Amino acid sequence: MSTDLIPTNLQDQLVAYRVDQDDAQVLLTEYGAPFTEAGEILTTYETIKVADENDTTTMKLAREQRLKLRKVRIGVENKRKELKADIVKRGNAIDGVARFVKEVIAPAEEYLQLQEDFAIIKAAERKAARLATRTEALHPYPVSTTHYDLDSMSDEDFNALVVTLENERQERVAAQAKAKADAEARAEAERQERERIQAENTRLRIEAEERRKAETVEREKREALERAERERLAREEAERQKVVEQARQAELAPDKEKLTNFSRALEVIRAEKLPVVASPAAQAIVVTINEMLTQIQRVIVEESERL
């Protein structure tokens, strides 16, 4: 068997595990066949590059090569399990070689998988980009993107949705603007009405104050006239009473003079005409008479003054 396509590193791995020459040759024989089959792919797989989404030929080739490498990798894994069952020492060597094989093949397999799935990856990228664009387009509107199947929605349906949301937004804006304008108009009307009522109240207060002042002036004039009339009537009445009193006094003058003369006569009697008596009893009588005459005098004077 030719070992041209067996990587030198694979032989180095066997030396590192201290495998004797015969056992190493067995491992090279067991693993060499798969490497011979995959060696050509491993040396050329990076030359497989998909040009675009329509390059299905290259994608198909990548798939074929990847599946061959996968077959080799699976074969090596199966062989590892088979050989490792012999002895622990040989199993360690098998594991080391298998890991090395896996580490060599896995990057190539992954690379070819990417090339094989080129169209799928691009489609997923476009889908993600479209979802991000659509999500951003719905950002200005008060909706939850989870309510819509943005992934599978057609462009026509999505554009119609945006138009509907935009119309609703404009209607809300217009309604808010109208509500604001109506509120401002109501506020202005209320302000004007308050000013009108205030002006009307001010006018009514001024008119009421003017009426009050006019009524006060009129009342004071009326009261002055009434007071003057009362004073005039009082003067006339006083004058009349004076005349009446003078007439009455003139009419009573003779009687008052008579009473005055009688009072004087009683004074003379008290002073000159009372008898002088010796006995206490008689003196008591004289004192009583004098007191009575004095009382009569006082009554005459007081009552005369009332006439």
Side-chain angles (χ1 to χ4, degrees), residues 37-38 40-78 80-81 98-194:
E37 183 179 353
E40 190 172 330
I41 298 174
L42 292 174
T43 58
T44 62
Y45 75 90
E46 291 183 336
T47 63
I48 300 176
K49 294 184 180 294
V50 178
D52 53 41
E53 296 175 48
N54 299 318
D55 187 4
T56 57
T57 300
T58 305
M59 288 185 240
K60 182 178 180 182
L61 175 61
R63 175 178 175 78
E64 292 173 351
Q65 299 294 69
R66 179 183 64 80
L67 292 177
K68 287 180 181 180
L69 289 178
R70 181 174 180 275
K71 181 179 178 181
V72 171
R73 176 175 57 78
I74 294 174
V76 169
E77 181 65 17
N78 291 335
R80 177 188 70 81
K81 294 177 181 179
R99 281 196 301 272
F100 176 77
V101 172
K102 183 177 180 180
E103 290 172 357
V104 171
I105 291 180
E109 187 179 355
E110 292 174 359
Y111 174 82
L112 291 174
Q113 181 73 62
L114 292 175
Q115 300 305 307
E116 177 186 347
D117 297 338
F118 186 86
I120 297 175
I121 294 171
K122 288 299 181 182
E125 290 176 351
R126 284 196 304 273
K127 185 176 181 180
R130 183 176 64 175
L131 177 60
T133 301
R134 290 182 172 184
T135 301
E136 181 63 23
L138 296 183
H139 181 70
Y141 307 108
V143 296
S144 173
T145 56
T146 58
H147 293 167
Y148 306 99
D149 187 4
L150 298 181
D151 283 333
S152 60
M153 185 181 293
S154 67
D155 290 341
E156 181 180 359
D157 290 343
F158 180 76
N159 292 336
L161 173 62
V162 172
V163 170
T164 299
L165 293 176
E166 177 60 20
N167 290 338
E168 292 175 353
R169 186 191 69 80
Q170 292 181 3
E171 290 175 359
R172 285 194 301 273
V173 171
Q176 291 171 355
K178 183 177 183 303
K180 181 180 179 182
D182 292 345
E184 292 175 349
R186 286 194 300 272
E188 177 62 18
E190 291 173 356
R191 184 190 64 79
Q192 293 179 0
E193 179 64 12
R194 287 195 300 272

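These figures come from a predicted structure and were not determined experimentally. Reckoned from all heavy atoms, side chains included, excluding hydrogens, waters and symmetry mates. Numbers for residues simply follow the sequence, beginning at 1.
- Using a 4.5 Å heavy-atom threshold, the side chains of Thr57 and Asp55 count as touching.
- Annotation: the span from Gln115 atom CD to Ile121 atom CD1 amounts to 8.0 Å, rounded to 0.5 Å.
- Closest heavy-atom contact between Tyr148 and Leu138: CD1-CD1, 4.4 Å.
- With contacts defined as side-chain heavy-atom distances shorter than 4.5 Å, the pair Gln65/Lys68 qualifies.
- No side-chain donor-acceptor contact under 3.5 Å links Tyr141 to the backbone of Glu168.
- Rounding to the nearest 0.5 Å places CZ of Phe118 at 10.5 Å from CG of Asn54.
- At most 12 non-hydrogen atoms from other residues, nucleotides or ligands lie less than 6.0 angstrom from CZ of Arg70.
- Taken from CD1 in Ile48 to OH in Tyr45, the straight-line distance is 10.5 Å, to the nearest 0.5 Å.
- With rounding to the nearest 0.5 Å, the separation of CD in Glu53 from CD1 in Ile120 is 11.5 Å.
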Determine all donor-acceptor pairs shorter than 3.5 Å in which one atom belongs to a side chain in residues 170-181; sequence neighbours excluded.
| from | atom 1 | to | atom 2 | distance (Å) |
| --- | --- | --- | --- | --- |
| Gln170 | NE2 | Glu166 | OE2 | 3.0 |
| Lys178 | NZ | Asp182 | OD2 | 2.9 |

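- In the displayed structure, Glu188 atom CD is contacted under 6.0 Å by more than 12 heavy atoms of other residues, nucleotides or ligands.
- Put simply, CG on Leu114 and CD on Glu109 are 11.0 Å apart, with the number rounded to the nearest 0.5 Å.
- Exactly one residue among Asp155, Asp149, Asp157 makes a salt bridge (charged side-chain N to carboxylate O under 4.0 Å, His left out) with Arg134. That residue is Asp155.
- Residues satisfying the side-chain hydrogen bond (donor to acceptor under 3.5 Å, both in side chains) criterion with Glu116, sequence neighbours excluded, are Arg63, Arg66.
- For the atom pair OH (Tyr111) and CG (Leu69), the distance works out to 13.0 Å, reported to the nearest 0.5 Å.
- Across Asp151 and Arg130, no two heavy atoms sit closer than the pair O-NH2, 2.6 Å.
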